[in-house]
Every structure is written in C-alpha cells, then in structure tokens.
Amino acid sequence: MQPQYHAQAVEDTAQTFWAKHRSFEVTEKLDQPSFYCLSMLPYPSGELHMGHVRNYTLGDVIARIKIMQKYNVLQPLGWDAFGLPAENAAIKHRVSPQNWTLNNINTMRTQLKRMGLGIDWSREIQTCLPEYYRWNQWLFLQMFKKGLVYQRESTVNWDPVDNTVLANEQVIDGRGWRSDALVEKRKIRQWFFKITAYADELLDALDTLEGWPQEIITMQRNWIGRAHGVDVHFPVIDQPDPLIAFTTRIDTLFGVSYLAISVDHPLAHIAAQTSENIRAFIETSQHTDTSERSAAIAEKKGIATPFLAHHPLTGNTLPIWICNYVVMDYGTGCVMGVPAHDLRDHAFALTYTLPILPVIQPPENATTPWDFTQAPWVEPQGTLINSDTFNTHTIEQAQKQIAQVLHQQASGGQTTTYRLRDWGVSRQRYWGTPIPMIHCDHCGLVPVPESELPVILPLDLPMTKTGAQLAQYSTFVDTTCPHCNAAAQRETDTMDTFVDSSWYYARYACPDQNQTMLDDRAKYWTPVDQYIGGIEHANMHLLYARFIHKVLRDIGLLNSDEPFQKLLAQGMVLKDGKKMSKSKGNVITPMPLIEQYGADTLRLFSIFTAPPEQTLEWHSEGVEGAQRFLNRFWLLCYQWKDAVIGCQTQPPLEHFTQPNLLKMHSDCHLIVKQLCFDVERQQFNTVVSAVMKLVNLISELAPDVESTETAWLAHETLSIMIRALAPITPHICHVLWQALAYGDNVLEADYPQEDLQAIQRAQITLIIQINGKLRGQLCIDAQMSKDKIIESACALENIKKYL
RNA sequence: GCCGGGGUGGCGAAAUUGGUAGACGCGCCAGAUUCAAAAUCUGGUGGUGGUAACACCGUGUCGGUUCGAGUCCGACCCUCGGUACCA
C-alpha cells in the first residue's frame with residue numbers, strides 16, 4: 001500500500017477485479033431474494049453529461065447497497081437509440097443516423113464503464129436494432145388485435161417551406177426552426193394507442209404505489225384528470241344534431257348565457273361555409289403550434305355564429321360562439337358559458353358583452369352582496385337562485401336532481417371524462433420503428449403477418465432533411481398485400497420512441513430471446529424494485545410504461561400489475577439555473593473531471609452535493625473538496641494499517657479501561673445509527689457527511705500498535721467507514737478493504753449496522769427552553785428522576801433570570 | 001395559463017417531520033510548516049452590540065395557529081420542471 005492515493009491505479013485495480021470475477025453478471029436464483037435496480041436508459045446524445053453521472057451513480061449506490069445486503073441484484077443498461085436528434089445530426093454532419101447513433105453508444109459505453117458502475121453489460125440492448133424493435137412491431141400487432149390500436153385524424157405542426165412535420169421543440173415562437181416560416185396546423189391520419197381504455201386502472205392503481213413520491217402520484221392523477229359530470233344536449237335551431245356540452249357544474253345550468261365550441265368542431269366548419277369572417281377566424285387560429293401551452297396562454301378570442309341553441313330546461317335561445325380556448329380533444333369540444341360562476345367565461349362575457357346570470361347565492365359569511373359584474377363566484381358553496389324549481393337547493397342536491405331531470409327528458413346524462421388523451425404513436429420520421437401495416441387498395445389496412453417481422457428499417461437511403469423520408473423511398477414502400485397478393489404500400493410512419501422505452505425494462509431479463517418478446521425470466525425479475533430517473537419523466541414516460549406493462553400483463557407475458565415498485569425521482573442537474581442541454585450550450589462534460597480526479601471523486605461529489613430529489617446547481621468548486629476527502633481517507637487508512645492488521649481480538653466493551661475511547665465508540669455508533677437511517681430513506685448526501693464525521697473522529701487518535709483498545713476502535717471504525725462508503729466510491733474502498741486485510745471483496749461484506757449497546761449513554765445533555773427560547777444546558781445522568789432534573793435546572797444562574 | 005417542485009450564512013447544504021437553526025463540506029481569515037509557493041495541518045467564520053458572560057435579530061414576503069414554527073394554516077412574490085412530436 002502506498003502512502004498516496006492514486007485514483008487511476010486504484011480504479012484500474014478494482015475494475016479489473018470486477019471484470020475477472022464477473023461480479024455483476026447475474027442469473028435467476030430461487031434461494032435468494034432478488035432485487036432489480038434500474039436507472040432510466042440514456043439517449044445516446046454523444047457524450048456523458050452530469051445528469052447521467054448523477055443518475056447512474058445513484059442507481060449504482062442503491063444496487064451496491066443491496067448487494068451488500070445479500071440480494072441477487074440485477075442492474076442492466078441499454079440505449080434509447082431511436083429519435084429525432086439522430087436525424088438532425090445526420091444532416092448536419094453528413095453521416096447516417098445509424099452510424100452516428102452507434103458511434104455515440106460506443107463512446108458513451110466506454111465513458112460509463114470508466115465510472116465503475118456495477119452493471120451486467122451482457123444484457124445491454126439498443127432499441128434501434130431489429131432484434132429489439134421487431135418486438136415493438138409484434139406488440140403493435142397484438143394491440144391491434146385487441147382493439148387497442150386505431151387510426152384517426154389529428155393535428156400536427158406543418159412547416160410550409162420545408163414541407164415537413166415539426167416537433168413542438170422545433171417550433172420557436174410559432175415559426176419553423178430552420179425555415180423560419182410561420183407554422184400551420186395540419187390534420188393527417190395517424191395511429192393511436194388506446195391508453196384511455198386503461199385510464200381508470202392507471203388512476204386507481206396510483207393508490208397502490210407506496211414506493212412512489214407523492215408529488216409524482218399527484219401529477220399523474222391530475223394528468224389523467226378523471227372528472228365526473230353531465231353531458232347536456234342543446235338542440236340547435238335548423239340543425240339535425242344537438243350540441244353536447246360536458247360540465248362538472250350542472251348546478252349552474254340556469255346560468256348559461258352562451259355556448260362555446262372549438263374551432264375544430266363540425267358546427268364551426270358549417271358556420272365557416274357561409275361566413276368569410278368565421279372562415280378567417282378559424283384560419284387565424286391555425287397559425288400556431290399544437291402545444292397545449294400555446295393555446296392556454298393565447299388571448300381568449302371568439303366569434304359569434306349565426307346559429308342558436310335552445311336551453312334544454314328553460315327553452316330560452318342561446319347564442320353559439322366559436323372560441324379559441326375550447327379544446328376539441330377534451331370532452332365534446334363544446335362548453336356551456338356560465339359567466340357568473342367561471343373565471344374564463346366571466347372574462348369572455350365582459351369582452352363580448354354577454355349576459356352574466358347569477359344562479360348560486362354565495363353563503364352568508366362570504367362578502368355580501370356579491371358583485372357579479374366584478375368577479376364570478378366559483379366556489380362550490382352556496383344555494384341556488386334564479387333556477388326555477390331548484391331554487392334554495394344546495395349545490396349537491398341540485399347537481400343530483402338536474403342530472404335526473406335531464407336524463408328523464410333525454411337531454412343528457414351523467415358521464416365521466418378524462419383529461420388523458422389517447423397516445424398518438426405515429427411519427428412522420430425516418431429514424432424509428434416502422435409501423436407494421438400495409439395499405440392495400442382492395443383489402444384496406446392489412447397487418448404485416450407476424451412471420452414476416454421484423455419490418456426492417458432501410459439503412460441505405462439518403463438523408464437530406466428530417467421528416468417522412470421513408471415515404472419517398474419506393475424500395476421500402478412498394479410491397480404486396482398479404483391477403484390478395486396485389487401491389488400494396490407499406491405504412492411509412494414510424495413509432496414514437498416512448499414505445500421503445502415502455503417495455504425495455506422487461507427485455508433486460510431476456511435480451512437473447514429471439515422466439516418471443518419476453519419469456520419467464522421477465523416474470524422472475526419484474527417488477528423493477530427500484531427505478532431511478534429524472535423528474536421530467538413524471539407524466540409521459542412513466543405513464544406510458546405503466547400502460548404497456550398492463551397490456552403485457554393482459555397478453556400474459558408479465559404477471560404483475562405495475563412495472564416500478566419504488567421510484568426515485570432524481571432532480572435535474574442545472575447550470576446557470578437551466579436544464580443542461582446542447583442547444584443551450586451549458587453542458588458540463590464529466591469526462592475531463594474523471595481523467596483529472598478519478599471516477600470515485602466525481603461519484604462522491606455528485607452524491608454529496610445535494611440530496612437525490614433536489615435540483616443540483618452545478619458548481620465546480622466542490623469537486624476538489626471531494627478529492628481532498630478521499631486523499632485524507634486513504635492517508636488515514638495508511639497510517640492505521642499496521643495497527644488494524646495486527647488487531648485480531650476484540651476486547652469486550654465492559655473491559656474498556658479508557659473512558660474517552662468508550663465515549664468515542666459510542667459517538668461512532670450514534671453516527672452510524674443516523675447513517676443507517678439515511679440509507680433507508682435514500683438521503684445519500686448525509687451518508688457521506690456521516691462518514692466524514694467518522695474520519696474526523698478517528699483523526700483525533702494517534703495510530704498506536706501497542707494499545708489494543710485504540711487499535712480495536714480504529715479496526716472497527718475504519719471497517720465501518722470503508723463498508724459505508726463502498727457503494728458510493730467503490731474503487732478506493734475495494735482497494736482499502738484488501739489493504740487493511742479485512743477481506744478480498746468488500747462487496748461480500750455486510751453493510752454497516754449500528755451497535756445499540758454502544759449507544760447506551762451514562763450521561764445525557766439536556767436542552768432547557770423557556771417560552772421556546774434556549775436558555776441553558778444540563779448534563780445529567782441517564783437515570784436521574786424528573787424532580788431532580790427540574791431542581792438542577794432551576795438552580796442554574798441563567799435559568800433563575802428567566803423564572 | 002394549468003399541474004408539480006424549490007426558496008435556509010459568501011456558496012452546496014443539515015435539522016430523524018412542531019422542540020439547541022446552520023451538522024458535513026466549499027470558500028474566506030489567521031496561524032504552523034516552507035528559502036518561497038503548492039500541498040498538508042491547527043484554529044476561527046450568520047448579522048448587530050459587548051473585553052467578556054451574554055443579549056437581540058435571523059430560514060423568499062405579509063399575516064395567522066402554538067409555550068415554542070425552517071417545519072402547520074392563509075395570501076402573495078421569485079424560480080425550476082412538465083404541458084402530450086426533445087428525450
């Protein structure tokens with residue numbers, strides 16, 4: 001053992017040892033509890049960034065703790081290798097998306113390995129390879145058979161100059177990012193997964209996810225957005241179909257002063273046929289991107305139609321307006337306008353001078369009388385007024401009875417809607433999984449027979465622009481119909497990459513399986529015990545994966561209800577207050593730091609700097625502190641080496657002759673107690689703090705080979721420190737564990753546990769507060785009686801002052 | 001806009017969930033070591049007043065509950081993430 005710590009040499013030694021012993025390659029074992037620890041798979045953007053370091057270090061810390069706790073631990077890794085950036089890079093650098101992607105994977109794999117992660121690399125998957133994506137296609141066909149796949153028109157961002165579909169990210173201030181042309185909405189036929197068929201289960205099962213952070217459960221609950229309400233039918237004068245409006249506030253039905261329909265509503269299109277103004281209004285609303293955010297922050301505008309509707313209960317006529325704030329995708333694309341009791345309707349009514357009809361009297365204790373011209377009364381409290389026979393009813397009674405009356409006269413009924421929309425999986429892009437469908441003029445839509453999977457994505461077409469390149473490539477498009485053998489065309493849309501990442505965790509269990517998507521090994525390993533990934537995936541990825549898991553369960557390939565038992569939503573790594581990203585040019589690359597300081601230093605830094613869930617604002621100063629600590633730790637072990645190796649027998653506690661050592665031993669285990677608590681709640685930054693405290697504690701002692709008591713205390717404390725830190729800085733701990741002759745492999749040692757007996761204290765420090773303010777301290781015997789304690793406390797000079 | 005977080009010394013943070021605010025680390029200051037520097041070691045370090053003991057103030061802002069609030073309640077400000085085609 002050298003007196004100086006040389007990270008590079010230490011890390012080579014440890015990594016060679018793990019490789020030689022295949023320390024992280026695992027198989028199914030029935031006599032040992034399994035633990036599946038998974039970090040979200042990376043997108044191969046080109047280089048490792050700090051977010052990766054944080055994510056994979058956290059996962060590795062948890063995996064290694066579980067190994068030391070004697071679980072059969074699986075920690076795999078693969079690549080989310082399809083997606084938009086590869087197409088952009090391909091055009092920019094004149095390489096194929098495949099080459100760009102695979103090169104990036106090779107670079108990043110080397111970088112990840114340099115971090116010393118305990119990963120079973122034999123299970124690596126790459127989603128852009130046919131061995132993987134054929135099962136996307138197979139899954140698509142199974143879902144098609146089950147009626148969970150369908151086609152319908154939906155809106156995309158269209159760049160009229162580049163003639164291509166743009167992702168929301170490619171639209172900047174309403175313009176295409178390359179062409180700078182004003183983006184238009186365009187409707188095209190697209191494929192959908194019917195996630196709404198699982199909406200209730202996805203929502204209700206949230207209550208079973210005890211290992212998930214509450215805020216993510218709340219986000220998913222709100223995202224699904226189940227709302228119970230009533231569909232109300234409003235007959236439209238001189239039109240065959242009534243307007244149907246969904247409302248959760250049927251109690252305000254008598255307060256309706258207008259109906260608002262979406263610009264995409266069929267009735268809006270009929271109105272446009274006869275009015276140039278309406279046509280222009282609808283046209284203007286098309287010049288924006290498709291994001292919900294843009295729609296929500298846009299100025300609320302409307303235009304009256306020539307149509308009128310009848311109120312189903314009063315028979316009054318109501319004007320029908322086309323409004324840019326009504327979304328066609330939610331509910332029925334039509335809402336009833338109740339200005340007196342809805343914020344948005346109130347503002348709209350003021351702008352367009354529509355009547356404000358109060359129908360709920362606010363309760364007594366509210367500001368009375370309520371001035372409805374100033375603000376709507378939106379609280380669901382109060383009694384009904386101006387509502388015919390329902391006057392004086394409470395809101396609850398009115399909701400029940402009005403719904404009943406509507407039902408009786410066939411003007412509506414109770415219903416449930418969801419904010420959740422079906423999952424559009426079509427992409428008009430090249431670099432993705434081809435959708436396995438064929439368009440035949442005679443037979444219509446025909447699924448590709450399973451025996452003909454995979455439908456291979458051609459690699460030899462020229463990349464000149466992003467978008468639907470496959471459609472231009474006749475070698476791919478032209479085929480024959482599997483039914484009638486006539487000439488037919490392949491579907492040229494590819495799948496959303498979220499499909500790839502919705503089941504990959506199960507594929508790691510059987511990556512070599514080429515007969516089926518998943519085999520029984522997937523049932524052994526799933527569900528994932530611990531999933532770790534960025535909070536930015538709280539809604540989409542985590543909801544899609546839950547959905548597909550349930551589909552795979554229903555197909556019989558999996559036997560659990562949920563994919564991820566426990567979830568650690570890691571905070572983002574920010575630089576200058578912003579998410580690190582290439583487009584913002586604020587990316588910190590960790591590799592130079594690893595070269596300079598070693599992987600352990602960077603791992604220690606990323607764990608120590610902030611608790612896992614919190615956003616981490618990047619500052620480079622702390623890295624040197626982490627390095628300094630490891631130097632100190634190494635030197636400490638070096639100084640105690642002989643004493644520790646020479647110390648074989650452990651004197652029982654009660655035979656300790658030096659009270660200061662006994663005190664130190666007790667302090668040590670108090671720190672360990674806290675450490676174990678923090679490990680349990682996954683607050684790893686304070687686990688590092690605890691080890692630092694232990695180092696400070698032992699540094700007070702001079703290494704002494706002669707004193708068995710001192711040597712034993714050091715023997716025990718150093719052993720605890722090395723084992724506690726081993727999951728976080730595995731290389732240095734591996735080498736130190738051997739150097740101090742504790743054993744061959746620290747991974748096989750037990751994770752530290754506090755010694756409760758050691759913590760029993762003869763004396764306790766008591767804090768004395770008067771009116772919540774600290775006024776004194778008292779050191780007392782643990783056995784002292786209450787009366788005696790009060791007597792002693794009152795005797796203190798400082799306490800007398802305040803009594 | 002909507003949904004979900006966050007805001008504590010010069011900086012990253014801690015406070016076992018209503019009971020010693022600032023553990024641990026970074027930075028800074030002083031000292032030791034050195035021809036000198038780096039590295040290392042020792043001590044100090046929220047603010048104000050005081051030689052000191054100690055006192056008062058202090059966890060984004062304003063208000064409330066409590067013997068006692070960083071922690072609970074109400075309103076607001078700032079900020080980050082998501083917002084369905086970035087992943």
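Just so we're clear, the structure is a prediction, and the values are computed from it rather than from any experiment. So you know, we letter chains A, B, ... as the sequences are listed, proteins then strands, and number each from 1. Side chains are part of it too, since the values below use all heavy atoms of this structure and drop only hydrogens, waters and symmetry mates.
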Student: Who passes salt bridge (charged side-chain N to carboxylate O under 4.0 Å, His left out) against A:R189, sequence neighbours left out?
Tutor: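 Expected list: none.
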Student: Enumerate the protein-to-nucleotides 39-48 of chain B contacts in which both atoms are nitrogen or oxygen and the separation is below 3.5 Å.
Tutor:
none

Student: Which residues pass the ring pair (Phe, Tyr, Trp, His ring centres under 6.0 Å) test with A:W158, sequence neighbours left out?
Tutor: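 Residues passing ring pair (Phe, Tyr, Trp, His ring centres under 6.0 Å) with A:W158: none at all.
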Student: If the condition is ring pair (Phe, Tyr, Trp, His ring centres under 6.0 Å), which residues does A:W640 pass it with, not counting sequence neighbours?
Tutor: none
Student: Report the residues that fulfil side chain to side chain contact (heavy atoms under 4.5 Å, CB included) with A:Q428, sequence neighbours left out, ordered by chain and then residue number.
Tutor: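 Side chain to side chain contact (heavy atoms under 4.5 Å, CB included) check on A:Q428 returns A:V156, A:V165, A:I188, A:Q190, A:S426, A:A468, A:D493.
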Student: Which residues pass the side chain to side chain contact (heavy atoms under 4.5 Å, CB included) test with A:A724, sequence neighbours left out?
Tutor: A:L675, A:V691, A:Y751, A:P752
Student: Base of B:C85, side chain of A:Q190 - is there a donor-acceptor contact under 3.5 Å?
Tutor: yes
Student: Quick one: ring pair (Phe, Tyr, Trp, His ring centres under 6.0 Å) partners of A:Y198, sequence neighbours excluded?
Tutor: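 A:F547.
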Student: Would you mind classifying the nucleic acid contact of A:S426 as base, sugar-phosphate or nothing, using non-hydrogen atoms under 4.0 angstrom?
Tutor: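 Touches a base.
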Student: Check this one for me: any side-chain N or O of A:K773 less than 4.0 Å away from OP1 or OP2 of B:C57?
Tutor: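 The answer is yes; a side-chain N or O of A:K773 sits under 4.0 Å from OP1 or OP2.
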Student: Ignoring hydrogens and angles, are the base of B:C85 and the side chain of A:Q428 linked by a donor-acceptor pair under 3.5 Å?
Tutor: yes
Student: Can a donor-acceptor pair under 3.5 Å be found between the side-chain atoms of A:Q769 and the base atoms of B:G68?
Tutor: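 Between B:G68 and A:Q769, which were checked side chain against base, a qualifying N/O pair under 3.5 Å is absent.
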Student: Starting at the 5' end of RNA chain B, which residue's closest nucleotide do you reach first, A:W423 or A:A626?
Tutor: A:A626
Student: Indicate yes or no: does A:D422 engage A:K194 in a salt bridge with an N to O separation below 4.0 Å.
Tutor: no
Student: Could you pull out all residues at least two apart from A:H346 that satisfy ring pair (Phe, Tyr, Trp, His ring centres under 6.0 Å)?
Tutor: none
Student: Starting from the 5' end of RNA chain B, give me the residue, A:V688 or A:L41, whose nearest nucleotide shows up first.
Tutor: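 The residue whose closest nucleotide sits nearer the 5' end is A:V688.
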Student: Which residues pass the salt bridge (charged side-chain N to carboxylate O under 4.0 Å, His left out) test with A:R226, not counting sequence neighbours?
Tutor: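 For A:R226 the salt bridge (charged side-chain N to carboxylate O under 4.0 Å, His left out) partners, ignoring immediate neighbours, are A:D200, A:D204.
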Student: Could you write out RNA chain B as a dot-bracket string, with dots for unpaired bases, | for bases paired across to another strand, and Watson-Crick or G-U pairs counted at under 3.5 Å?
Tutor: (((((((..(((......[....)))((((((.......))))))((((....))))..(((((..]....))))))))))))....
Student: So A:I767, base contact, sugar-phosphate only, or nothing? Heavy-atom distance under 4.0 Å.
Tutor: base
Student: Can you give me every donor-acceptor pair (side chain of residues 79-92 of chain A, partner residue at least two apart or in another chain, under 3.5 Å) with its distance?
Tutor:
| from | atom 1 | to | atom 2 | distance (Å) |
| --- | --- | --- | --- | --- |
| A:W79 | NE1 | A:E124 | OE2 | 2.9 |
| A:E87 | OE1 | A:G467 | N | 3.3 |
| A:E87 | OE2 | A:Y430 | N | 2.9 |
| A:E87 | OE2 | A:W431 | N | 2.8 |
| A:N88 | OD1 | A:R178 | NH2 | 3.3 |

Student: Kindly say if A:R421 contacts the phosphate of B:A84, meaning a side-chain N or O under 4.0 Å from OP1 or OP2.
Tutor: no
Student: Report the glycosidic orientation of B:G9: syn if within 90° of 0, anti in every other case.
Tutor: syn
Student: How would nucleotides 1-7 of chain B be written as a contact map, 5' to 3', with B for base contact, S for sugar-phosphate-only contact and - for no contact, using protein heavy atoms under 4.0 Å?
Tutor: B-SSS--
